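These numbers come from a predicted model, not from an experiment.
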Amino acid sequence: MKHCRPRGIFGCISCTTGTLFVMFILFWYLFLTITHPSNVKFFETEASLAQFNLTSNSTFFYNLKVNVTGRNPNKHVIVYYRNIKAIAWYKDNDFGRVSLVPFDQGHKNTTLLQALFEGQNVITLKPKQLGEYNEETSVGVYNDLAVDFDLTIRAKYRSWFKTSRFNPPIVQCRLSRVPLISNGKSAPTFISFTECNSGNFFQDRDAY
């Protein structure tokens with residue numbers, strides 16, 4: 001190993017300063033990688049609506065399928081999804097919840113999340129919302145649909161640092177003008193590549 005051979009006190013100071021500078025640059029790079037990774041990006045890509053019926057007693061029958069992709073753009077970060085709850089909304093009313101299978105997302109990886117909401121629930125629409133629902137039903141296209149993803153994750157930076165479990169901001173995917181499947185017809189699919197709101201994904205929302 002080649003050692004620094006200082007020539008006098010000023011040479012020694014210069015050698016030490018250079019070594020410390022290189023160490024500082026390496027430390028700063030690792031610090032930025034750990035504390036400021038790029039956010040995971042989510043995009044709503046497809047949605048299909050097979051049933052969407054609100055009865056006179058406020059019972060809501062639904063069948064909604066949504067595809068969302070999540071892209072981890074980081075070169076040195078692995079994301080471990082340990083709890084995935086998808087929540088469906090219509091005009092600020094949550095009407096369905098499903099849990100998805102946990103998975104690990106590697107470096108620069110894109111993963112497809114598929115959520116199927118099927119069943120019935122009781123929701124109460126305000127008079128204005130009920131009027132909008134009736135208008136949308138008449139044309140067979142619905143607005144103000146949304147799907148949220150409530151997540152619990154862990155993150156691994158490079159090969160030596162892994163966080164404890166935490167809850168990132170809720171991923172909010174907004175849908176608009178989703179057509180209803182007509183009886184006896186093939187399923188129309190609402191296709192878009194609308195980015196969901198994922199906030200500062202690697203920040204624990206419960207820490208503030």
Sidechain-backbone polar pair: Glu136 side chain, Gly140 backbone, donor-acceptor under 3.5 Å: no
Asn53 CG to Asn63 CG distance, which is reported to the nearest 0.5 Å: 12.5 Å
Heavy-atom donor-acceptor pair, Thr163 side chain to Ala155 backbone, under 3.5 Å: yes
Point-to-point distance, once rounded to the nearest 0.5 Å, from CD1 of Ile170 to SG of Cys196: 13.0 Å
CD on Glu135 to CG on Leu130, rounded to 0.5 Å: 10.5 Å
Sidechain-backbone polar pair: Asn72 side chain, Asn74 backbone, donor-acceptor under 3.5 Å: yes
Validation row: Phe201, Ile153 side chains within 4.5 angstrom (heavy atoms): yes
Within-4.5 Å side-chain heavy-atom neighbours: Val40 and Val79: yes
Leu145 side, atom CG; Leu64 side, atom CG - distance, nearest 0.5 Å: 6.0 Å
Heavy-atom pair with the smallest gap, counting every atom of Asp206 and Asp204: N-OD1, 3.0 Å
Heavy-atom pair of closest approach, residues Ala115 and Phe117: CB-CE1, 3.7 Å
4.5 Å side-chain heavy-atom contact, Leu54 and Leu125: yes
Validation row: Lys162, Tyr80 side chains within 4.5 angstrom (heavy atoms): yes
Main-chain N/O of Lys108 paired to Arg71 side chain as donor or acceptor, under 3.5 Å: yes
Lys/Arg-Asp/Glu bridge criterion (N-O < 4.0 Å) met for Lys156, Asp104: no
Donor-acceptor pair, side chain of Lys65 and main chain of Ser48, under 3.5 angstrom: no
Joint cluster assignment, Val178 & Ile123, ILVMFWY side-chain distance < 4.5 Å: yes
Atom NZ of Lys75 with >12 non-hydrogen neighbours under 6.0 angstrom: no
Donor-acceptor under 3.5 Å (Tyr62 side chain, Phe95 main chain): yes
Min side-chain heavy-atom separation Val66-Leu175 under 4.5 Å: yes
Pairwise side-chain contact, Phe60 with Asn93, heavy-atom cut-off 4.5 Å (strictly under): no
Min side-chain heavy-atom separation Val77-Phe202 under 4.5 Å: yes
Short side-chain to backbone donor-acceptor contact, Gln51 and Leu180, under 3.5 Å: no
Ring geometry between Phe52 and Tyr133 (parallel below 30°, tilted from 30 to 60°, perpendicular above 60°): tilted
Any side-chain donor near an acceptor of the partner, Gln120 and Thr59, under 3.5 Å: no
Co-members of the apolar cluster containing Leu112 [side chain, <4.5 Å]: none
Side-chain heavy atoms of Asp92 within contact of Gln129, under 4.5 Å: yes
Residue list, side-chain contact (heavy atoms from CB on, under 4.5 Å) with Ile84, at least two apart or on another chain: Tyr81, Leu100, Phe103, Phe149, Leu151
Reported NZ-to-CZ distance for the pair Lys85 and Arg97, which is rounded to 0.5 angstrom: 6.0 Å
Spatial distance of atom OG1 (Thr69) from atom CD (Glu44) [nearest 0.5 Å]: 9.0 Å
Side chain to side chain donor-acceptor pair (under 3.5 Å) contacts touching residues 141-154 (sequence neighbours left out): Trp89-Asp148, Lys91-Asp144, Thr137-Tyr142, Asp148-Arg174, Asp150-Arg205, Thr152-Asn167
Within one Ile-Leu-Val-Met-Phe-Trp-Tyr cluster: Val98 and Tyr90, side-chain cutoff 4.5 Å: yes
Exceeds 12 heavy-atom contacts within 6.0 angstrom, atom CG of Asn200: yes
Minimum heavy-atom distance Pro169-Gln203, with the two atoms named: CD-O, 3.3 Å
